[in-house]
Amino acid sequence: MTNKKKPKVYLTRRLPDVVETRMRELFDAELNIEDTPRTQPELVAAVKSNDVLVPTVTDRIDAALIEQAGPQLKLIASFSNGVDHIDVDAAARRGITVTNTPNVLTEDTADMTMALILSVPRRLAEGAHLLTDRKGEWAGWSPTWMLGHRIWGKRLGIVGMGRIGTAVARRAKAFGLSIHYHNRHRVSTATEEALEATYWDSLDQMLARVDIVSVNCPSTPATYHLLSARRLALMQPSSYIVNTARGGIIDEVALIKSLREGKIAGAGLDVFEHEPAVNPKLVKLATEGKVVLLPHMGSATLEGRIEMGEKVVINIRTFFDGHRPPDRVLPGRT
């Protein structure tokens, strides 16, 4: 690329310093130093004048935006694993290639999922808040104080047994949970045997028989409100649900109602249906100890973000070197 004109690359958010430095070395890159979310008019201006757009999951790259792109825009190199924020089909119609950054955040997200699986039944957030927000109220250890529930020996139902779901299963098995899963396709026999996992072709039947549900499937039109009011009603009153995938997979209003009525024991949420807005009713449930809420930080490790940035760089370089980028997202498969 040294003898070619550097492609103009527009970054919608701030990335780790090492990634931004590399971007500036290789490309004519415009950075977002303030790290403020770009408005839709700013995104329109960006696609009209740049060769590459590097959005994140908070940017809405829909058909209307893509239709306003200039003829020079040839690549949308998303800094994300999922691409539900991009209309990939609309991009393909305009001859624009879309890439993502897969297989980077698996272990980080699985770690956070396991943390929530532990924290909700064992009331970790409640205990921490007691010492920091209600100082002086703790009178010391007591045999019946802050009793939670053991997770060893419980049944974990994983919704979506892809890379992250499988990584969660490995961790959960080590904690003594029995693994159950529902997936579009059954995993290999070797994986099932290694995890001692039970496959359920019926999500409804699995939900009624597990103690903890972990949502790890991708966000697609087919998975919107997959955990609907009807399906949440199938869960046991003693069961918990954890979501580190996408907020819209669970009907949030129905979840709040189930929690308030005691039809589900608790929830651990790292994602929300209308984020960054968080339903005030969920916040109230968190103050009551029924929910643990995290601000979409499941994949938030420095190592993970740098690896994502490296993938973006490779995708851009490969594309402008005249080759197919390794992480191209094909239309019709999102």
Side-chain angles (χ1 to χ4, degrees), residues 37 57-58 60 82 84-85 109 112-135 137 146-149 151 154 156-160 203-204 206-208 210-300:
V57 293
T58 60
R60 186 182 174 202
D84 48 299
H85 57 298
T109 305
M112 190 62 79
T113 304
M114 197 65 217
L116 285 172
I117 289 172
L118 289 165
S119 67
V120 180
R122 292 303 306 272
R123 305 174 65 180
L124 299 190
E126 287 180 81
H129 290 157
L130 180 74
L131 296 179
T132 57
D133 301 339
R134 295 155 55 187
K135 295 179 181 178
E137 291 190 22
M146 284 294 289
L147 297 181
H149 289 278
I151 69 161
K154 298 296 193 297
L156 173 66
I158 297 174
V159 182
L203 176 59
D204 289 5
M206 185 185 79
L207 290 174
V210 296
D211 304 296
I212 303 169
V213 174
S214 178
V215 180
N216 300 109
C217 58
S219 176
T220 68
T223 61
Y224 176 73
H225 282 191
L226 180 68
L227 278 299
S228 60
R230 181 189 67 80
R231 284 200 166 113
L232 291 172
L234 298 173
M235 294 175 59
Q236 303 174 45
S238 58
S239 63
Y240 301 88
I241 188 165
V242 168
N243 187 7
T244 56
R246 287 289 188 270
I249 297 171
I250 300 178
D251 183 337
E252 204 166 86
V253 172
L255 175 63
I256 291 169
K257 186 173 185 292
S258 296
L259 289 164
R260 294 215 64 84
E261 295 177 356
K263 295 179 179 178
I264 297 176
L269 306 176
D270 184 49
V271 289
F272 307 94
E273 190 165 351
H274 304 291
E275 62 180 72
V278 179
N279 193 313
K281 293 180 180 179
L282 278 177
V283 176
K284 188 172 188 301
L285 285 167
T287 63
E288 296 170 1
K290 295 181 180 179
V291 181
V292 174
L293 305 178
L294 296 176
H296 202 150
M297 54 188 287
S299 62

Chemist: Which residue pairs satisfy the side chain to side chain donor-acceptor pair (under 3.5 Å) criterion with at least one member in residues 247-257, sequence neighbours excluded?
Modeler: K257-E261
Chemist: Side chain to side chain contact (heavy atoms under 4.5 Å, CB included), that's the test. Do I241 and L232 meet it? Break it down for me.
Modeler: CA-CA 9 Å; I241 188 165; L232 291 172; 4.1 Å; yes
Chemist: Would a 4.5 Å heavy-atom cut-off, applied to side chains only, mark H225 and R231 as touching?
Modeler: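 Contact flag for H225/R231 side chains = no.
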Chemist: Look at the side chain of D270 and the backbone N and O of M297, then say whether any donor-acceptor pair between them is shorter than 3.5 Å.
Modeler: yes
Chemist: Check step by step if side chain to side chain contact (heavy atoms under 4.5 Å, CB included) holds for V242 and T113.
Modeler: CA-CA 7 Å; V242 168; T113 304; 4.1 Å; yes
Chemist: Looking only at heavy atoms, which two atoms of A125 and V292 are closest? And how far apart?
Modeler: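 Taking A125 first and V292 second, the nearest heavy atoms are CB-CG2, 4.0 Å.
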Chemist: With side chain to side chain donor-acceptor pair (under 3.5 Å) as the criterion, how do T109 and T244 come out once you've worked through the C-alpha distance, each side chain's angles and the decisive distance to 0.1 Å?
Modeler: CA-CA 7 Å; T109 305; T244 56; over 6 Å; no
Chemist: Would you say H149 has more than 12 foreign heavy atoms packed within less than 6.0 Å of its NE2?
Modeler: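 For H149, atom NE2 is not crowded (no more than 12 foreign heavy atoms under 6.0 Å).
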Chemist: So do the side chains of V253 and I256 get within less than 4.5 Å of each other, counting heavy atoms only?
Modeler: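 Counting from C-beta outward, V253 and I256 never come under 4.5 Å.
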Chemist: Does S214 reach the side chain of L156, with side-chain heavy atoms less than 4.5 Å apart?
Modeler: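 S214 vs L156: side chains touch.
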Chemist: Test side chain to side chain contact (heavy atoms under 4.5 Å, CB included) on L255 and L269; report intermediate values, then the result.
Modeler: CA-CA 11 Å; L255 175 63; L269 306 176; 4.1 Å; yes
Chemist: Please report the closest heavy-atom contact between Y224 and E273, naming both atoms and the distance.
Modeler: OH-OE2, 3.4 Å
Chemist: A quick test of your reading: do over 12 heavy atoms of other residues, nucleotides or ligands sit less than 6.0 Å from CZ of R230?
Modeler: yes
Chemist: Taking everything shown except R122 itself, do over 12 heavy atoms lie less than 6.0 Å from its CZ?
Modeler: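 For R122, atom CZ is not crowded (no more than 12 foreign heavy atoms under 6.0 Å).
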Chemist: Contact between H85 and T58 at the side-chain level, heavy atoms closer than 4.5 Å - yes or no?
Modeler: no
Chemist: Can you check whether V159 reaches L203 side chain to side chain, under 4.5 Å on heavy atoms?
Modeler: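 Yes. Closest side-chain heavy atoms under 4.5 Å.
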Chemist: Is the shortest heavy-atom distance from the side chain of M114 to the side chain of I151 under 4.5 Å?
Modeler: yes
Chemist: Let's go through F272 and L293 carefully: what are the C-alpha distance in whole Å and the side-chain angles of both, what is the deciding distance for side chain to side chain contact (heavy atoms under 4.5 Å, CB included) to 0.1 Å, and is it a yes or a no?
Modeler: CA-CA 9 Å; F272 307 94; L293 305 178; 3.7 Å; yes
Chemist: Has R246 got a side-chain atom pairing as donor or acceptor with V271's backbone, closer than 3.5 angstrom?
Modeler: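 No; judged by distance alone, with no hydrogens or angles, the pair does not exist.
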